[in-house]
Chemist: 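Quick one: this structure, given as structure tokens, is what I'll be asking you about.
Scope of the values below: all heavy atoms of this structure, side chains included, with no hydrogens, waters or symmetry mates. Proteins get letters first, then strands, A, B, ... in listed order; numbering begins at 1 in each.
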2 protein chains.
Amino acid sequence: MNETKGKNELLPGTLEMLILKTLSIQPMHGYGIAQHIRTISRSVLTVEEGSLYPALQRMLVKGWVSAEWKVSANNRRARFYTLTPAGRKQLGVEESRFSQVFGAIMRVMKTT
Amino acid sequence: MNETKGKNELLPGTLEMLILKTLSIQPMHGYGIAQHIRTISRSVLTVEEGSLYPALQRMLVKGWVSAEWKVSANNRRARFYTLTPAGRKQLGVEESRFSQVFGAIMRVMKTT
DNA sequence: CGCCTTTGCATAGACCATCTATATAAACTG
DNA sequence: CAGTTTATATAGATGGTCTATGCAAAGGCG
């Protein structure tokens with residue numbers, strides 16, 4: 001039945017936080033965001049396009065990022081995303097939320 | 001009703017791991033599992049019935065737990081779940097998977 | 001006694017984030 | 001010129017979690 005595969009490598013719910021964090025370093029286009037997360041996580045986390053672009057759209061609508069068409073380092077047209085002040089605030093919210101939930105999970109996992 | 005109630009308190013994908021861990025302490029019925037997780041996590045994690053029972057059914061089918069009807073400490077009929085050897089093995093798999101993914105997330109979140 | 005709360009199991013249906021698959025296109029590569 | 005890489009985007013499937021609901025029995029209380 002279910003053999004291997006690592007679908008859902010990403011803990012659902014953390015994608016937007018990872019994107020926000022990535023953009024807090026510098027503005028970046030979607031493809032670059034995916035590469036950055038994959039590289040830094042040593043390929044443990046892979047952001048699929050079908051997850052990435054819808055997430056960026058949601059975040060645009062919510063005002064956490066702004067977007068601008070430019071030319072990439074490889075001379076291709078690309079949409080660069082920049083963290084807004086609201087996005088930076090949201091990053092803080094998600095970071096503290098994540099550590100709270102993670103702490104709770106660890107308490108359960110450490111009980112004997 | 002529930003105003004500030006955050007949905008998705010639980011990181012999706014961790015529920016089965018938390019159940020396996022709880023049952024590794026001792027056999028327990030569903031209601032008790034939910035209470036245990038809620039108590040230990042200091043109410044950060046709330047396992048809803050609509051999540052719990054389907055999860056237990058899946059785990060039964062996969063052979064990670066076995067079930068037996070008994071009488072609870074409160075003198076009510078209750079279905080007690082016991083971790084099987086396969087379930088114990090699965091707990092190890094999910095623990096290492098979780099720490100791997102968590103480590104990857106932390107690497108992304110710690111980059112400057 | 002009648003009522004309410006707690007305990008306890010279970011399912012149906014909604015929701016929604018993520019994945020798979022596909023389409024498009026320009027630039028570089030051999 | 002064919003193939004790979006870069007880059008964006010959408011449609012549709014998947015699946016786990018949540019909301020809502022139903023049932024039922026035990027125990028406490030006035």
Chemist: Is the shortest distance from a Lys or Arg side-chain nitrogen in K89(B) or E94(B) to a carboxylate oxygen in the other one below 4.0 Å?
Modeler: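 Looking at E94(B) together with K89(B), the answer is no, because their closest N to O distance does not fall below 4.0 Å.
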
Chemist: Say you draw a straight line from OG1 of T22(A) to CE of M17(A); how long is it, rounded to the nearest 0.5 Å?
Modeler: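 Rounded to the nearest 0.5 Å, the OG1-CE separation comes to 10.0 Å.
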
Chemist: Show your working on side-chain hydrogen bond (donor to acceptor under 3.5 Å, both in side chains) between Q100(B) and R97(B) and close with a plain yes or no.
Modeler: CA-CA 5 Å; Q100(B) 184 193 30; R97(B) 177 70 187 148; 2.7 Å; yes

Chemist: Which pairs, with at least one residue in residues 31-67 of chain A and sequence neighbours excluded, count as a ring pair (Phe, Tyr, Trp, His ring centres under 6.0 Å)?
Modeler: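 Every candidate ring pair (Phe, Tyr, Trp, His ring centres under 6.0 Å) pair involving residues 31-67 of chain A fails, so no pair, neighbours aside, qualifies.
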
Chemist: In whole angstrom, what separates R58(B)'s CZ from dG15(D)'s P?
Modeler: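 Atom-to-atom, R58(B) to dG15(D), this comes out as 11 Å.
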
Chemist: Figure out the CD/C1' separation between E94(B) and dG16(D), and round it to whole Å.
Modeler: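 Rounding to the nearest Å, CD of E94(B) and C1' of dG16(D) are 13 Å apart.
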
Chemist: Fit a plane to each ring of F98(B) and F102(A), take the angle between them on a 0 to 90° scale, and name the class: parallel (under 30°), tilted (30 to 60°) or perpendicular (over 60°).
Modeler: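 It falls in the parallel class, under 30°.
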
Chemist: Can you build the contact string for nucleotides 2-10 of chain D? Use B for base contact, S for sugar-phosphate-only contact, and - for no protein heavy atom under 4.0 Å.
Modeler: ---BBBBBB

Chemist: Could you tell me the separation between the CD1 atom of I37(B) and the OG atom of S43(B), rounded to the nearest 0.5 Å?
Modeler: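 Spacing of CD1 (I37(B)) from OG (S43(B)) equals 12.5 Å.
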
Chemist: Rounding to a whole Å, what distance do you find between K62(A):NZ and dC16(C):P?
Modeler: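 Distance, rounded to whole Å: 11 Å.
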
Chemist: Could you state the atom-to-atom distance from CD of E48(B) to P of dA10(C) in whole Å?
Modeler: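 Answer to the nearest Å: 17 Å.
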
